[in-house]
Amino acid sequence: MLADAVQSACDGRSQMVVLVGSSSTGKTRACWEAVQPLAGLGWRLWHPFDPTRAAAALEDLYRVGPKTVVWLNEAQHYLGDPHLGEEIAAAVHSLLTQPERAPVVVLATLWPEFHRRYTTVPKENEPDPHSRVRELVEGCSLSIPSAFDPAALQAARSLALSGDSLLADALTRSSEHGQVTQELAGAPALLHAYRNATPAAGAVLEAAIDARRLNMSLHLPQAFLTDAALDYLTDADYDQLNEDWSEAAFAELAEPVHGKQAPLRRASHRPARRPPATAPAFNRASAPTGPVFRLADYLEQHGRLKRRLLCPSASFWQSAYDHLASPQDLDQLAWAAYRRHRLQWAWALWEKAGTPSSLTLAASVLHRIGDLPGMRRLLEKAAKEASPPDLHRIMDLWEKTGNKAEAERIAHQATEAGDATAFTALAYFRENAGLSAEAEAFAFKAARAGDPAAVVALAEHRLIARDYSAAKRLVAQLAPTVRSAKLVSLWEEAGDYQLAERIAIQVAEAGDGDPLADLAGRLARKGEIERAECLLVLASDAGSRRGLMKLARLREAAGDISSAEEILTRAIQLGAAASDQLMELYENSGNREAASNLAITAAHSNNFHPLHSLALHRDKSGDHEGSTQVLTIAAGLGSAEAMLTLAKRFKESGEHDKEMEYLRKAATRGSNRAAYLLAQTLAKSGESLEATSLFLQIESKTTITNHIDIALWYEKDGMTEAAERMAQKAAAAGNLARVRSVARAHRHVGDTAAACRMLQLAADAGDPDALMELVALRCESGDTEEAKRVALRSNNWMAIHWVADTYTQNGEWTEALELLEPLAKSGDDYALREYVLLQERLGNSEVADIFLQYAKSGRGAFEALAATRRSAKDTQGTQQVVRLSCNAGLESHRIGSLYDMAFEYWPFGLDSDGSPTSPWHSHPQD
């Protein structure tokens, strides 16, 4: 895929590839090797880096021109940025789709956990923070296996034998697990250094791991790590610290353990080299003072998994507050604290970050704990330099606290800053609060500022609520150009046809005649022909093809054939699919020659549909002879479908010779169906030799698409062996979806065994849908053990889920637990949820709690177990689960979720050790 992308770029087409793999699996090296051919062709490589990776990318992506490789190594620093990630994704998409900037190559690398996070579709009513990123990376991602397969290991051994001593050494330690690249990158040595570090060095390393897993920047200040590490030590180890413990710990961790690899190496922060900034200071990254260190990638990934359910110690948060100056780092850690329900630290870190967005978020925390004076202080400070999106959030908070005057003042400020939607938002707020008059006032303010959407929406709300006088008042004040098509149908439903018509005319005058055409059509059905025709003329003049076709119907009904013909000709010239209607007009008016000529003209362009339609029309009118004549013309022009239809007619009339003639003609034209029917007819006539020859020709010449068509014909005629033979050919050719059709045919007639054979055939060829159907069919037929065997052999987690669910429904809980346990331990969210719920049902609450440790990024098990215990009125058990989810940062913002439970149980948050925080309030910070 990488080589193909580079070749496509050489051919002038822009490409993007995202390599997804664990640390030390060779992603970066693969990208580097792939682009080497471009170096000699005049290509440039651009790696956005300074002042931050995300800021550099967003600032300069628009400057990227042809023959550029955009290097997004560790793309989570770009696409995962909470403020800029979506904008960067949109900018990359623009770069890839603008022809004048082609060719470019965008290369990105991601760890699997980040790829999962960005590509997982959120549940209903949950935020979707990565929608643009998901659209960008889906379809261009390539997974890098974490281990060599047997073939790759053999190739590596061959290279080692040719003299690569480093590779030979790595192979001696990786022949069983296959993780050759990790060995080459020093992963085992790094892990050994981590596990055998002195207590002080281990504490520093775990503080660094927590900093990175909570999304701090790559370069970690030494002063921050030193103070953060203190609470990671036991009391005994803390008492043993001497004055130079910090220097010794950093020296130990900076010692290379494999080539240049070190657990925590000193790094140099690249200074910014840019013109003096014109943006506010809070938009610029703050360079850390003093030495900075970078954690080894492999230890970062290992630590993310090992410590995923742990909340950092109190010294971590305190050190972040004391030592960090970067608004980006402070904002990231504040979010991490908030997700862990450490509300006091979230407020403090956001306030220290000092950006309008951060101050607004800090104010929202104070709003949650009821500290309204503190909230006011922060919102007033934030509003001074806030952007329109920040102003919306400020306005929202004022609205929630009932301070309408402040909300309106902020709306005016946003409007003056060029945001016409602020008053729209206020209109919706007031409407939802039942304050209709205020909602309308703000909707019109929004319309005057350039956003009429709220007025239209309110008018629609009033119509739906049958408040017709209010709706009329609103519509009357709308500019005609913004009166929506939806209002037409709503007023019509309300019975005010005059107003519906007036709005429809205004919409047509604005360029959309279809609503008026639809309204006219409904009037015509009610018998108001004259008025309908007038409206259709207006709709047609507005360019409505629909209106032209409806108007032609009315003119035809009135006997004005020439006018109808003229109108339909105009509609066809505008691109309307009106040929059939014109042909029908000719036919109905007795001008059969014109109808035939129109259809024949289309047939000369290999479009036989009009001829077939004409034949069907004459059939319906009882003119079977005329229909046969049209079909004969179509057949003469090469229509295999017409030949087949004629053969069927001659069969019904007993004209065997003509039937065979047309079947042979259709077969010659490539119709497999005709060839099959011909072979079948010959077989029934006793001409088995020719029939067999035809059947073999059909099977040998049929395309991949038609394998299953032939199989289904065989199946219908009771030729089971032949049907299965064709299904096997289809599977071998990759036409797996159609193989399932044969299986369903077997299933429909009750032949479960044959259906299972077909599904197994498709499943073995790699069809996951066939596998699921097979497992479901085995379960339904009572053969759960065979379903289990199939699911386990396939190692398909969805199939295993299905079998486990079947065991659960049958009351076979032990079997279900046995099947779910390995998946639950691997972190599969669904399996883990079902496993802990079953254990809870069996009274094994302690086991359920223990298994929560296997959760990776999903929160389904936590939510389900908390809900179960809450329903059982087990408050202590519920709090235990919610506290664990808070520590892991798994809070969900769905109503009634862990998020709401956490605020219900601990309204002022949790302390670092997980105990409830005492009531607190803010205080001004210097």
Side-chain angles (χ1 to χ4, degrees), residues 112-113 116-117 120-123 146 304-306 308-309 756 759-760 763 767-872 874 877-878 880-885 887-888 890 892 894 897-898:
E113 52 264 42
R116 257 193 318 273
R117 182 185 304 170
T120 299
V121 179
K123 297 178 182 177
S146 60
R304 283 179 183 273
L305 184 63
K306 180 177 180 289
R308 65 190 181 279
L309 300 182
C756 288
L759 291 171
Q760 186 70 67
D767 183 357
D769 293 329
L771 174 67
M772 289 304 301
E773 287 192 34
L774 175 61
V775 168
L777 184 55
R778 291 290 189 192
C779 289
E780 288 171 17
S781 61
D783 195 355
T784 314
E785 284 303 307
E786 178 59 20
K788 174 183 173 182
R789 187 190 66 78
V790 171
L792 289 175
R793 189 182 67 177
S794 70
N795 199 30
N796 181 290
W797 55 269
M798 291 184 67
I800 296 172
H801 291 170
W802 190 285
V803 179
D805 287 346
T806 302
Y807 277 133
T808 302
Q809 292 164 12
N810 295 340
E812 300 174 82
W813 293 350
T814 303
E815 290 80 359
L817 288 171
E818 179 185 331
L819 203 54
L820 289 169
E821 184 171 331
L823 281 180
K825 286 183 175 179
S826 74
D828 180 285
D829 195 46
Y830 179 87
L832 183 60
R833 184 187 70 198
E834 296 305 304
Y835 186 87
V836 298
L837 289 179
L838 274 176
Q839 292 287 12
E840 185 78 7
R841 187 184 298 180
L842 292 169
N844 301 326
S845 296
E846 291 184 5
V847 176
D849 286 343
I850 290 170
F851 261 75
L852 289 177
Q853 69 179 300
Y854 294 110
K856 287 186 177 176
S857 57
R859 55 179 169 266
F862 289 89
E863 288 187 332
L865 188 56
T868 299
R869 291 182 178 176
R870 189 180 178 93
S871 298
D874 179 7
T878 306
Q880 167 74 2
V881 176
V882 177
R883 184 179 282 105
L884 286 171
S885 74
N887 289 344
L890 297 177
S892 162
R894 291 192 293 119
S897 66
L898 298 166

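Values below: every heavy atom of this structure, side chains too, minus hydrogens, waters and symmetry copies.
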task = Look up atom CG in Leu837 and atom CG in Leu842, then write down how far apart they are to the nearest 0.5 Å.
result = 11.0 Å
remark   = When rounded to the nearest 0.5 Å, the distance separating CG of Leu309 from CG of Leu852 is 8.5 Å
key: Flag, side chain of Asn844 to backbone of Val847, donor-acceptor distance under 3.5 Å   = no
task = Indicate yes or no: at least one non-hydrogen side-chain atom of Met772 is less than 4.5 angstrom from one of Asn796.
result = yes
query = Any side-chain heavy atom of Met798 sitting closer than 4.5 Å to one from Trp802?
reply = no
remark   = Closest heavy-atom pair, Val803 versus Ala791, reported as atoms and distance to 0.1 Å, is CG2-CB, 4.0 Å
message = Counting C-beta onward and ignoring hydrogens, is there a side-chain heavy-atom pair between Phe851 and Glu821 closer than 4.5 Å?
response = yes
query = Would you say Arg869 and Ser845 make side-chain contact, with heavy atoms under 4.5 Å?
reply = yes
note = Closest non-hydrogen atoms of Thr878 and Asp874, given as atom of the first, atom of the second and distance, are OG1-O, 2.7 Å
ask   = Which distance, rounded to the nearest 0.5 Å, do you find between the CD of Glu812 and the OG1 of Thr784?
value = 6.0 Å
task = Please report the shortest heavy-atom distance between Ala824 and Tyr854, naming the atom on each side.
result = O-CB, 3.3 Å
key: Any donor-acceptor pair under 3.5 Å from Asp828 side chain to Leu823 backbone   = no
query = Taking C-beta and beyond as the side chain, do Lys788 and Tyr807 meet within less than 4.5 Å on heavy atoms?
reply = yes
key: Derivation of the side chain to side chain contact (heavy atoms under 4.5 Å, CB included) call for Leu759 and Val775   = CA-CA 9 Å; Leu759 291 171; Val775 168; over 6 Å; no
key: Among Glu773, Gln760, Glu785, Glu786, the one residue meeting side-chain contact (heavy atoms from CB on, under 4.5 Å) with Arg778   = Glu786
task = Return yes if some donor-acceptor pair links the side-chain N/O of Arg308 with the main-chain N/O of Gln853 below 3.5 Å, else return no.
result = yes
request  = Looking only at non-hydrogen atoms, find the nearest pair between Ala804 and Ala816 and report the distance.
outcome  = O-CB, 3.7 Å
message = Pair Glu840, Val836 - check side chain to side chain contact (heavy atoms under 4.5 Å, CB included), show working.
response = CA-CA 6 Å; Glu840 185 78 7; Val836 298; over 6 Å; no
query = Does a side-chain heavy-atom distance below 4.5 Å link Arg859 with Ser885?
reply = no
message = Using a 3.5 Å distance criterion without hydrogens, assess whether the side chain of Arg833 forms a donor-acceptor pair with backbone atoms of Gly860.
response = no
task = Would you name the heavy atoms of Cys779 and Thr806 that are closest together and state the gap between them?
result = SG-OG1, 3.5 Å
message = Quick check for you: to the nearest 0.5 Å, what is the distance between Gln839 atom CD and Trp813 atom CH2?
response = 11.0 Å
ask   = Is Arg789 salt-bridged to Asp783, cutoff N-O under 4.0 Å?
value = no
query = Does Thr808 reach the side chain of Arg841, with side-chain heavy atoms less than 4.5 Å apart?
reply = yes
message = Using 0.5 Å steps for rounding, measure from the CD1 atom of Ile850 to the CD atom of Glu846.
response = 6.5 Å
ask   = In terms of heavy-atom contacts, does CD of Glu780 have more than 12 from other residues, nucleotides or ligands at under 6.0 Å?
value = yes
